[in-house]
Amino acid sequence: MTDNIQLQPVRHKKRHDNKRRDGCCPWSRCCSGGDFRPRTVWLGHPEKREQRYPRNVINNQKYNFFTFLPGVLFNQFKYFFNLYFLLLACSQFVNELRLGALYTYWVPLGFVLVITIVREAVEEMRCFLRDKEVNSQIYSKLSTRGTVKVKSSGIQVGDLIIVEKVDIFPPVFHHKGSCFLRTDQLDGETDWKLRLPVACTQRLPTAADLLQIRSFVYAEEPNIDIHNFIGTFTREDGDPPVNESLSIENTLWASTVIASGTVVGVVIYTGKELRSVMNTSNPRHKIGLFDLEVNCLTKILFGALVVVSLVMVALQHFAGRWYLQIFRFLLLFSNIVPISLRVNLDMGKMVFSWMIKKDSKIPGTVVRASTFPEQLGRISYLLTDKTGTLTQNEMVFRRLHLGTVAYGMDSMDEVQSHVFSAYTQPPQDLQASRAPGTTKVRKTISSRVHEAVKAIALVHNVTPVYESNGVTDQAEAEMHYEDTCRVYQASSPDEVSLVQWTESVGLTLVGRDQSSMQLRTPSGQILNFTILQIFPFTYESKRMGIIVRDESTGEITFYMKGADVVMAGIVQYNDWLEEECGNMAREGLRVLVVAKKSLTEEQYQDFEARYVQAKLSVHDRSLKVATVIESLEMEMELLCLTGVEDQLQADVRPTLEILRNAGIKVWMLTGDKLETATCTAKNAHLVTRNQDIHVFRPVTTRSEAHLELNAFRRKHDCALVISGDSLEVCLKYYEYEFMELACQCPAVVCCRCAPTQKAQIVRLLQERTGKLTCAVGDGGNDVSMIQEADCGVGVEGKAVFSSVFYFASVPLYQGFLIIGYSTIYTMFPVFSLVLDKDVKSEVAMLYPELYKDLLKGRPLSFKTFLIWVLISIYQGSIIMYGALLLFESEFVHIVAISFTSLILTELLMVALTVQTWHWLMIVAELLSLACYIASLVFLHEFIDVYFIATLSFVWKVTAITLVSCLPLYILKYLRRRFSPPSYSKLTS
C-alpha cells in the first residue's frame, strides 16, 4: 500500500434507489415553506408582527387527509411487482381479454390493498396521537390579564412564556434569569450549558413589568446552526435607549430542558422554523431490500412470460389477430407470479412484527413500522448514538491514584479516614505524630490524600443549588446548607461526579458564587475560599485552572486539572504518570491529572497585573492571555489522577461483541466531545484492546484534509475517531476517498456531530456500499439518522432475528382452480414457514457468525431463483407427462389428475423444506388438504368425485407426486451431506 493516495475532487454518484429526499410522496413539495427572513419581535405583543410565522405545531406524519389515499396507492404501485397485479385486474374490463370472473382478480388484489391501507392508517393515527400529545402540552404565558395557560400549539412569536424546571421548551427563548440547560436531546452533548439573562431586564421588579416596557428583539433568520445565534435586544423607552447584543448564551432552543429554576422568555421561532425541526429530515416511505429483490425477480418472470407468449403465437404462425393472442397468453400464464405471493409477504411481515413485539427477551418493544421487519436479518452497518444509548449518562468516580498507592471503590473508606483525620485530629495528636517515633509514610500518605481531595473539591465549575423539598423552604435550606435540599449544577456530569465523590469522603461543597466558595469539613467546620481567577476548560487547551485564597490562612494556591497529554509537560518530572494514565484509559476510565502550585502574594500580584494588561490588548488578545497563563503552568506539583466511568447500559459490551462477530460494523455518531467519545468507545469495547485508534486531526482546508487522509491511509486495522468539523471538510473535498477508507475500518467514531450530519453519514454509507444500515438512538437529535437508515430503532431494547422465505413457481391453471390453489389450498402451508427456524435462537446468539450467511442474501439470489425455476419445470413436466402416461385411457380426467398431483406436490415440498417443525405447520398442512377435499363437492364441473375415489387414481397420483418430489429431496440430502451449510454441525 502506498504512503500517498491520489485524491480527487468529490465525485457525486447518481442514486438508483427508491429513496426520495424531498418527502414521502410527490405531493410533499406543495407543503414546503418559502424563504426565511430575519424578524423583529416585540415583547409580549405578537400582534405587532411584520410577517406571518408558522404555527407552533409538530407534524411527523407522512400524509395529510387529502394525500393519504393517493400517497399510499402511489407508493404501492410505483413498483412493478404491485403494478403487475393492477394491470392484470384492469385488463379484465376488456371483453376480448377477459378470462374469468372479475372477482377472481380484484378480490385478492383488493384484499392486499385493504391490508396495506389499514396498516398505513394505523401507523399514521399513532403518529397523529403522538404529535397531538406534544402539541397539547400546557405552558404558562404572561399577559395583561396575568398568567394564563396556553397549549404548545397556541404559542406565537412574541409571547412571554414561563418555563419551569424539567419543562421541555416548545420554541426558542430569550430569557430572564441565568440557568443551566440540558441539551442532550438536541445535540447529544452531555455537558450542561450556562445561559445568561438580558442584563437590562434584570433591573425590573417583576416579570410582569416586561409587558410595560417598549422593547423588541431583532433576530437572524431561522437556520440549522444550533451552536450560534446573532441578535440584538433594544429598549426604546429608556433614557437613553438601551441596545444589547445577543448570542447563543442568551438563548434556549426547543427540545432542551432547564436543570433548575424558572425562566421567562420571549418566543422567537415556532413550528417548522425551530432549530430542532430544521435539523430533522422529512419522513420518507421505506421499502425493504427483500421487496426490491422480489420486484426484480418479478420483472425477470414477466420477461420470461413475454418470451413464452411470443413463442406460442409464433407456433400459430402469427395467424389472425395475433397481437390480441399475445395478451391472452400473457394473461393465461400470468399466475406464474401468484397474487398469493403478495399476500404471504404482507402477512408474513405482520407475523414477524408481532413476534418481535411479543418476544419475552425484549419486553416493551413497540414495532412502529411493520413493512420491513425482515431487514433486521440483513444489516451490515449499525450506527448508534452514545449518550443514553450505549451509556446511561451517569458518571461514577472509580479511582484515585497517587502514584505509589491507588484507591478503588472498595477502598474509599481509607480515603474517608484520611480526610477525617486531617480535619479532626487534636493539636496534641498532631504534635505527637511529628515525634521521632511516628511512621513517616503514614503521615505522608494521609497528607497527600488530603491535598488531593481538597484540590478536587476546589478546581471545578460546579455550583450547589438549594431547592425546597416540601419540609424546608429554599431560603432556609440555603442558609443552613441542608444536604437533602442541595443539588449540583455544572457544565459537565464529570464535574458533578467529582464533587459528589469529595462529599462522600467528607469534604462537601456547600456554597459558591462568582467570587467565593465554601467547603464543609467532616467536623462541620466551614472553610471559606476567595476565587481570585478562573480559567475555564476549552477544547483547545484541554485543561482548566483556578486560583483561590484560603481565608483562614491567607495562602494563595493555583489548582489545575486536565488531560494527561497536556498536563505531562506542566507537572514536575515523575516516572509513573504516563504508565498509570494508559492503564486507567485501557479500563475505559476518563482520566484527569490534578496538580497545584503555591503562590506568594507578590507572585500573584505580578501575574494579575500582566493578566489584566493582556486582556486589555486590542491585537492578538487570545495569544497574549494564553502566554500569561502559561507562565504559571510550570513545575506544578502532581497531586493525583482521577478516574471517572460513564456507566454503560446493561449488556452493552457483550452485545457489541456479538454484533462484531456477526460481521456487522458499528459506527458511533455522537454530539459529545472527542475525548468523551473515545473513552466510551474503549469502555464499551467498540474498539478492541488489540486495535489501534487513529484520531483524525482537526482540518479546515483542502490541503490539510489531503495530508491527514494520506496519514490515515498508512494505518492498518485501526479504528477511526473524527470530529464533525473535520468530517465536513473531508466530505466537501474528498467524499469518495474518505468513505472508501472509513468503510475499511473495524469501527468509526464521529464526535461533535450535528443531527443533519448523522443523517448524511447514513446516506453516504447506503450510496457508497449498497449495504443495509440500522440506526439506533434515544433522543430527538437522533430522529434524522433513524429516519434515513433502512431500519430505525428507538432504543429501549434490542432485537436480532433471522427470516426464512420460501419461493416456489409451479405450473398453474385457469378459473377458480387457479385462485383456489394460490389462496386457499396452498397458502396456509407456505405461510406457516414464517415459523420455521434453521437454528434455535440460543444457538444463534451463541454463534453470531451464522448471521454472516444472511448478509449474502442467498434465499433470493439469482442462483436460488434459477434453481427453483428448474424445479418448477421439472415438477410441471412430471405432473403433466406422468398424467398422460399413467392415465392415457382416462385423459378426460386430466384436470382432476394434474390438479390433485399439484396440490399434493406443493404440500410435500413444503414439508420437505421445513427445518424445525411447529405444531401450527402440521395444522396448516392438514387444513389445506381438508379444504381441498371439502371443496370437491363444489367443483363437480371440473373434477369427477367418483373417479378420484378409485384406488387406481390414488396410487397413480401418489406415484406422480413421489417422482416429482423424492429425487429433489435426495439431491438436497446429498448436497447437505457433501456441502453442508454452516449451521448444520451446530444442530446435529
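Sequential numbering from 1 along the given sequence is applied to the chain's residues. Worth knowing before you read on, the calculation uses all heavy atoms, side chains too, and leaves out hydrogens, waters and symmetry mates.
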### Task
Say whether, by atom type as modelled, one donor and one acceptor occur between the side chain of Q392 and the main chain of Q647 under 3.5 angstrom.
no

### Message
E637: which residues meet the salt bridge (charged side-chain N to carboxylate O under 4.0 Å, His left out) condition with it, sequence neighbours left out?
### Response
none

Side-chain donor-acceptor pairs under 3.5 Å in residues 624-635, sequence neighbours left out?
from	atom 1	to	atom 2	distance (Å)
T627	OG1	L623	O	2.8
S631	OG	R610	NH1	3.3
S631	OG	R610	NH2	3.4
S631	OG	V628	O	2.3
E633	OE1	R543	NE	3.3
E633	OE1	R543	NH2	3.0
E633	OE2	R543	NE	3.2

### Task
Determine whether S504 and M412 make a side-chain contact, defined as any pair of heavy atoms from C-beta on separated by less than 4.5 Å.
no

### Task
For the pair Y466 (side chain) and V510 (backbone), establish whether a donor and an acceptor sit closer than 3.5 Å, ignoring hydrogens and angles.
yes

### Query
For T530 and E551, does a side-chain donor sit closer than 3.5 Å to a side-chain acceptor?
yes

### Message
Does any part of the side chain of P522, heavy atoms only, come nearer than 4.5 Å to the side chain of V419, both counted from C-beta?
### Response
yes

### Query
T206 and D209: side-chain donor and acceptor closer than 3.5 Å?
yes

### Task
Answer yes or no: is there a donor N or O on one side and an acceptor on the other, between the side chain of T502 and the main chain of V453, under 3.5 Å?
no

### Task
Run the numbers on W576 and L402 for side chain to side chain contact (heavy atoms under 4.5 Å, CB included), then give the verdict.
CA-CA 10 Å; W576 59 272; L402 302 180; 6.0 Å; no

### Query
I456 pairs by side-chain contact (heavy atoms from CB on, under 4.5 Å) with which of L639, V499, L400, L507?
L400

### Message
According to side-chain hydrogen bond (donor to acceptor under 3.5 Å, both in side chains), who are the partners of E503, at least two apart in sequence or on a separate chain?
### Response
R486, Y488

### Query
Got L509 and L519 here, is their nearest side-chain heavy-atom distance under 4.5 Å?
yes

#### Entry: R621 side-chain N/O to K615 backbone N/O, donor-acceptor pair under 3.5 Å
yes

### Task
Answer yes or no: is there a donor N or O on one side and an acceptor on the other, between the side chain of Q649 and the main chain of L390, under 3.5 Å?
no

### Backbone of H418 reached by a side-chain donor or acceptor of S421 within 3.5 Å
yes

#### Entry: K561 (side chain) donor-acceptor with V459 (main chain) under 3.5 angstrom
yes

### Query
Once the angle between the rings of W501 and F397 is folded into 0 to 90°, is it parallel (under 30°), tilted (30 to 60°) or perpendicular (over 60°)?
parallel

### Query
Does some side-chain heavy atom of T391 sit less than 4.5 Å from a side-chain heavy atom of K386?
yes

### Query
Nearest heavy-atom pair of D564 and C581: which atoms, and what distance?
CB-SG, 3.5 Å

### Query
Nearest heavy-atom pair of R448 and G403: which atoms, and what distance?
NH2-N, 4.3 Å

### Task
Please report the closest heavy-atom contact between L592 and A563, naming both atoms and the distance.
CD2-N, 4.4 Å

### Query
Side chains of T680 and N683: do they bring a donor and an acceptor to under 3.5 Å?
no

### Query
Which pair of non-hydrogen atoms, one from A677 and one from T670, has the smallest distance, and what is that distance?
CB-CG2, 3.8 Å

## Note on the structure
Note: L648 and V652 closest approach over all heavy atoms is CB-CB, 4.4 Å

### Message
Quick one, I547 and I556 - any side-chain contact, counting heavy atoms below 4.5 Å?
### Response
yes

### Task
Mark yes when over 12 heavy atoms from residues, nucleotides or ligands other than E608 sit less than 6.0 Å from its CD; otherwise mark no.
yes

### Message
In terms of relative ring orientation, are F558 and F535 parallel, tilted or perpendicular, with 30° and 60° separating the classes?
### Response
perpendicular

### Query
For the residue pair S598 and Q603, what are the closest heavy atoms and their distance?
O-OE1, 3.9 Å

### Query
What residues, two or more places apart in sequence or in another chain, satisfy salt bridge (charged side-chain N to carboxylate O under 4.0 Å, His left out) together with K597?
none

### Task
Would you check if the side chain of E414 reaches a backbone N or O of Y407 as a donor-acceptor pair within less than 3.5 Å?
no

### Task
Evaluate the side-chain proximity of E495 to M544: yes if any heavy-atom separation is below 4.5 Å, no if none is.
yes

### Query
Quick one: are D550 and L527 in side-chain contact, heavy atoms under 4.5 Å?
no

### Task
Could you walk me through whether I162 and L142 pass side chain to side chain contact (heavy atoms under 4.5 Å, CB included), step by step?
CA-CA 7 Å; I162 303 173; L142 280 179; 4.0 Å; yes

### Message
So if I apply the side-chain hydrogen bond (donor to acceptor under 3.5 Å, both in side chains) rule between Y423 and each of H450, R520, Q525, which one comes out positive?
### Response
H450

### Message
Could you tell me if the side chain of E645 sits less than 4.5 Å from the side chain of M409, heavy atoms only?
### Response
no

### Query
Which residues satisfy the ring pair (Phe, Tyr, Trp, His ring centres under 6.0 Å) test with F607, sequence neighbours excluded?
Y611

### Query
For N574, which residues count as a side-chain hydrogen bond (donor to acceptor under 3.5 Å, both in side chains) partner, sequence neighbours excluded?
none

### Query
So, the side chain of N250 versus the backbone of S247: is there a donor-acceptor pair under 3.5 Å, distance only?
yes

### Task
Starting at CD of E580, measure out to CG of D575 and round the result to the nearest 0.5 Å.
10.0 Å

### Message
Can you see whether E555 engages T557 through a side-chain donor-acceptor pair at a distance of less than 3.5 angstrom?
### Response
no

